[in-house]
Colleague: 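Dumping the structure here so I can ask a few things about it.
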Amino acid sequence: MPHLMPEAGPQRVLAASNFVYTLGSGLYLTAGVLYFTEGVHLPASQVGLGLGIAGIASLALGIAVGHLADRHGARGVYTITLVVQALATAAFVLADSFWPFLLAVCAATGAKAAAAARRHPPRRSARATRSRCAA
(Lines give C-alpha, C1' and ligand atoms only; values in the text may rest on other atoms or scores of the structure.)
Protein backbone atom coordinates (compact mmCIF):
# COMPACT_ATOMS: atom_id res chain seq x y z
CA MET A 1 0.00 0.00 0.00
CA PRO A 2 2.91 2.45 0.28
CA HIS A 3 2.79 2.90 -3.51
CA LEU A 4 -0.61 4.60 -3.15
CA MET A 5 0.92 7.70 -1.52
CA PRO A 6 2.98 10.12 -3.63
CA GLU A 7 6.58 10.88 -2.75
CA ALA A 8 7.18 13.35 0.08
CA GLY A 9 6.51 16.94 -0.89
CA PRO A 10 3.62 19.07 -2.12
CA GLN A 11 1.85 16.19 -3.87
CA ARG A 12 1.73 14.17 -0.65
CA VAL A 13 0.37 17.15 1.29
CA LEU A 14 -2.28 17.69 -1.38
CA ALA A 15 -3.23 14.00 -1.36
CA ALA A 16 -3.47 13.96 2.44
CA SER A 17 -5.57 17.14 2.56
CA ASN A 18 -7.88 15.78 -0.14
CA PHE A 19 -8.29 12.55 1.87
CA VAL A 20 -9.15 14.46 5.06
CA TYR A 21 -11.61 16.70 3.18
CA THR A 22 -13.33 13.73 1.54
CA LEU A 23 -13.54 11.81 4.79
CA GLY A 24 -14.95 14.84 6.59
CA SER A 25 -17.53 15.46 3.87
CA GLY A 26 -18.70 11.86 4.02
CA LEU A 27 -19.01 11.95 7.79
CA TYR A 28 -20.84 15.28 7.63
CA LEU A 29 -23.38 14.01 5.11
CA THR A 30 -24.04 10.81 7.03
CA ALA A 31 -24.19 12.45 10.45
CA GLY A 32 -26.35 15.29 9.12
CA VAL A 33 -29.01 12.94 7.81
CA LEU A 34 -28.97 10.93 11.03
CA TYR A 35 -29.17 14.09 13.13
CA PHE A 36 -32.18 15.49 11.30
CA THR A 37 -34.07 12.19 11.13
CA GLU A 38 -33.27 10.89 14.62
CA GLY A 39 -32.48 14.03 16.62
CA VAL A 40 -34.87 16.58 15.14
CA HIS A 41 -37.40 13.90 14.12
CA LEU A 42 -37.92 15.16 10.59
CA PRO A 43 -39.26 12.50 8.23
CA ALA A 44 -36.64 11.08 5.87
CA SER A 45 -38.71 12.32 2.91
CA GLN A 46 -38.43 15.92 4.18
CA VAL A 47 -34.70 15.59 4.79
CA GLY A 48 -34.23 14.19 1.28
CA LEU A 49 -36.40 16.89 -0.25
CA GLY A 50 -34.54 19.62 1.63
CA LEU A 51 -31.14 18.28 0.58
CA GLY A 52 -32.32 18.03 -3.03
CA ILE A 53 -33.61 21.60 -3.03
CA ALA A 54 -30.36 22.76 -1.44
CA GLY A 55 -28.34 20.96 -4.11
CA ILE A 56 -30.25 22.60 -6.95
CA ALA A 57 -30.02 26.03 -5.31
CA SER A 58 -26.29 25.60 -4.75
CA LEU A 59 -25.69 25.02 -8.47
CA ALA A 60 -27.04 28.44 -9.33
CA LEU A 61 -25.41 30.11 -6.34
CA GLY A 62 -22.01 28.60 -7.15
CA ILE A 63 -22.08 30.09 -10.62
CA ALA A 64 -23.19 33.50 -9.38
CA VAL A 65 -20.53 33.64 -6.66
CA GLY A 66 -17.89 32.50 -9.14
CA HIS A 67 -18.66 35.56 -11.26
CA LEU A 68 -18.63 37.72 -8.13
CA ALA A 69 -15.17 36.40 -7.23
CA ASP A 70 -13.94 37.18 -10.74
CA ARG A 71 -15.05 40.79 -10.37
CA HIS A 72 -14.28 41.57 -6.72
CA GLY A 73 -11.42 39.27 -5.81
CA ALA A 74 -11.42 35.67 -4.76
CA ARG A 75 -9.92 36.07 -1.28
CA GLY A 76 -12.65 38.31 0.13
CA VAL A 77 -15.44 36.30 -1.46
CA TYR A 78 -13.92 33.07 -0.15
CA THR A 79 -13.72 34.52 3.36
CA ILE A 80 -17.38 35.51 3.23
CA THR A 81 -18.44 32.07 1.99
CA LEU A 82 -16.53 30.39 4.83
CA VAL A 83 -18.22 32.62 7.42
CA VAL A 84 -21.67 31.97 5.90
CA GLN A 85 -20.98 28.22 5.80
CA ALA A 86 -19.91 28.21 9.46
CA LEU A 87 -22.95 30.23 10.60
CA ALA A 88 -25.36 28.12 8.55
CA THR A 89 -23.88 24.89 9.87
CA ALA A 90 -24.14 26.22 13.42
CA ALA A 91 -27.79 27.08 12.69
CA PHE A 92 -28.52 23.36 12.27
CA VAL A 93 -29.01 23.12 16.02
CA LEU A 94 -31.79 25.74 15.79
CA ALA A 95 -33.67 23.89 13.05
CA ASP A 96 -36.64 22.21 14.72
CA SER A 97 -38.94 21.86 11.70
CA PHE A 98 -38.75 21.64 7.92
CA TRP A 99 -38.54 25.35 7.01
CA PRO A 100 -35.67 26.28 9.36
CA PHE A 101 -33.92 23.08 8.24
CA LEU A 102 -34.39 24.04 4.59
CA LEU A 103 -33.07 27.55 5.17
CA ALA A 104 -30.00 26.32 7.07
CA VAL A 105 -29.14 23.52 4.66
CA CYS A 106 -29.60 25.78 1.61
CA ALA A 107 -27.30 28.39 3.15
CA ALA A 108 -24.65 25.83 4.16
CA THR A 109 -24.72 23.93 0.85
CA GLY A 110 -24.83 27.14 -1.18
CA ALA A 111 -21.84 28.57 0.68
CA LYS A 112 -19.91 25.34 0.19
CA ALA A 113 -20.63 25.38 -3.56
CA ALA A 114 -19.75 29.06 -3.72
CA ALA A 115 -16.43 28.40 -2.00
CA ALA A 116 -15.68 25.66 -4.53
CA ALA A 117 -16.60 27.95 -7.44
CA ARG A 118 -14.26 30.59 -6.06
CA ARG A 119 -11.27 28.23 -6.20
CA HIS A 120 -11.43 27.72 -9.97
CA PRO A 121 -9.80 30.20 -12.33
CA PRO A 122 -12.00 32.40 -14.52
CA ARG A 123 -13.00 30.73 -17.76
CA ARG A 124 -13.08 32.40 -21.11
CA SER A 125 -15.97 31.72 -23.42
CA ALA A 126 -15.31 29.85 -26.65
CA ARG A 127 -16.30 32.96 -28.62
CA ALA A 128 -13.73 35.12 -26.80
CA THR A 129 -11.03 32.51 -27.34
CA ARG A 130 -11.81 32.25 -31.08
CA SER A 131 -11.78 36.03 -31.53
CA ARG A 132 -8.42 36.31 -29.76
CA CYS A 133 -6.95 33.53 -31.91
CA ALA A 134 -8.19 35.16 -35.12
CA ALA A 135 -6.55 38.48 -34.27
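Values in this document were obtained by computation on a predicted structure and should not be read as measured data. One-based numbering along the sequence shown.
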Colleague: May I ask whether Leu23 and Leu29 are part of the same hydrophobic cluster, defined by side-chain heavy atoms of I, L, V, M, F, W, Y residues being less than 4.5 angstrom apart, directly or through others?
Modeller: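 Result: no, two separate clusters.
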
Colleague: Answer with yes or no whether the hydrophobic clustering places Ile53 together with Val47; edges join I, L, V, M, F, W, Y residues whose side-chain heavy atoms lie under 4.5 Å apart.
Modeller: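 Yes; tracing contacts between hydrophobic side chains, which count when under 4.5 Å, links both residues.
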
Colleague: Nearest 0.5 Å, please: how far is CZ in Arg71 from CG in Leu68?
Modeller: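 Rounded to the nearest 0.5 Å, the CG-CZ separation comes to 9.0 Å.
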
Colleague: What pair of heavy atoms forms the shortest contact from Ala108 to Gln85, and how long is it?
Modeller: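 Looking at all heavy atoms of both residues, the shortest contact is O-CG, 4.0 Å.
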
Colleague: What's the spacing between Leu59 CG and Thr109 OG1 if we round to 0.5 Å?
Modeller: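 Output value for this atom pair is 10.5 Å.
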
Colleague: Flag yes if Leu87 and Val105 sit in one hydrophobic cluster, no otherwise; membership is Ile, Leu, Val, Met, Phe, Trp, Tyr, and two members link when side-chain heavy atoms are under 4.5 Å apart.
Modeller: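 No, it is not one cluster - the side chains of Leu87 and Val105 are not joined through contacts under 4.5 Å.
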
Colleague: Closest heavy-atom contact between Ala111 and Val84?
Modeller: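 Heavy atoms only, the tightest pair is CB-CG1, 3.8 Å.
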
Colleague: Is there a path from Leu49 to Leu51 through hydrophobic residues (I, L, V, M, F, W, Y) whose side chains come within less than 4.5 Å of each other?
Modeller: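 Linked, Leu49 and Leu51 end up in one cluster.
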
Colleague: Looking at every heavy atom in both Ala114 and Thr81, which two are closest together, and how far apart are they?
Modeller: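 Nearest heavy atoms, Ala114 then Thr81: CB-CG2, 3.7 Å.
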
Colleague: Using side-chain contact (heavy atoms from CB on, under 4.5 Å) as the criterion, list what pairs up with Leu103, not counting sequence neighbours.
Modeller: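 Here no residue qualifies.
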
Colleague: Sorted by first residue and then second, give each side-chain hydrogen bond (donor to acceptor under 3.5 Å, both in side chains) pair with at least one member in residues 27-44; sequence neighbours left out.
Modeller: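 Qualifying pairs: none.
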
Colleague: Which atom names give the shortest non-hydrogen contact between Ser58 and Ala113, and what distance separates them?
Modeller: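 The answer is O-CB, 3.5 Å.
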
Colleague: Would a distance-only check, ignoring hydrogens and angles, find a side-chain to backbone donor-acceptor pair under 3.5 Å from Thr89 to Ala86?
Modeller: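 Checking the backbone N and O of Ala86 against the side chain of Thr89, no donor-acceptor pair under 3.5 Å is found.
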
Colleague: Quick check on the hydrophobic clustering: are Leu27 and Phe36 connected, directly or via other members, by side-chain heavy-atom contacts under 4.5 Å?
Modeller: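 No, it is not one cluster - the side chains of Leu27 and Phe36 are not joined through contacts under 4.5 Å.
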
Colleague: Working to the nearest 0.5 angstrom, can you tell me the gap between Ser97 OG and Leu42 CG?
Modeller: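 Interatomic distance, Ser97 OG to Leu42 CG, rounded to 0.5 Å: 7.5 Å.
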
Colleague: Can you tell me how far apart CD (Gln11) and CG (Asn18) are? Round to the nearest 0.5 Å.
Modeller: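 Rounded to the nearest 0.5 Å, the CD-CG separation comes to 13.0 Å.
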
Colleague: Restricting to non-hydrogen atoms, name the atom on Tyr21 and the atom on Lys112 that form the minimum distance, rounded to 0.1 Å.
Modeller: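 Here Tyr21 and Lys112 meet closest at OH-CE, 3.0 Å.
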
Colleague: Is the Phe92-Phe101 ring centre distance short of 6.0 angstrom?
Modeller: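 So the answer is no for these two rings.
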
Colleague: Measure across Ala88 and Ala104 and return the closest heavy-atom pair with its distance rounded to 0.1 Å.
Modeller: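 Between these two residues, the closest heavy atoms are CB-O, 3.7 Å.
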
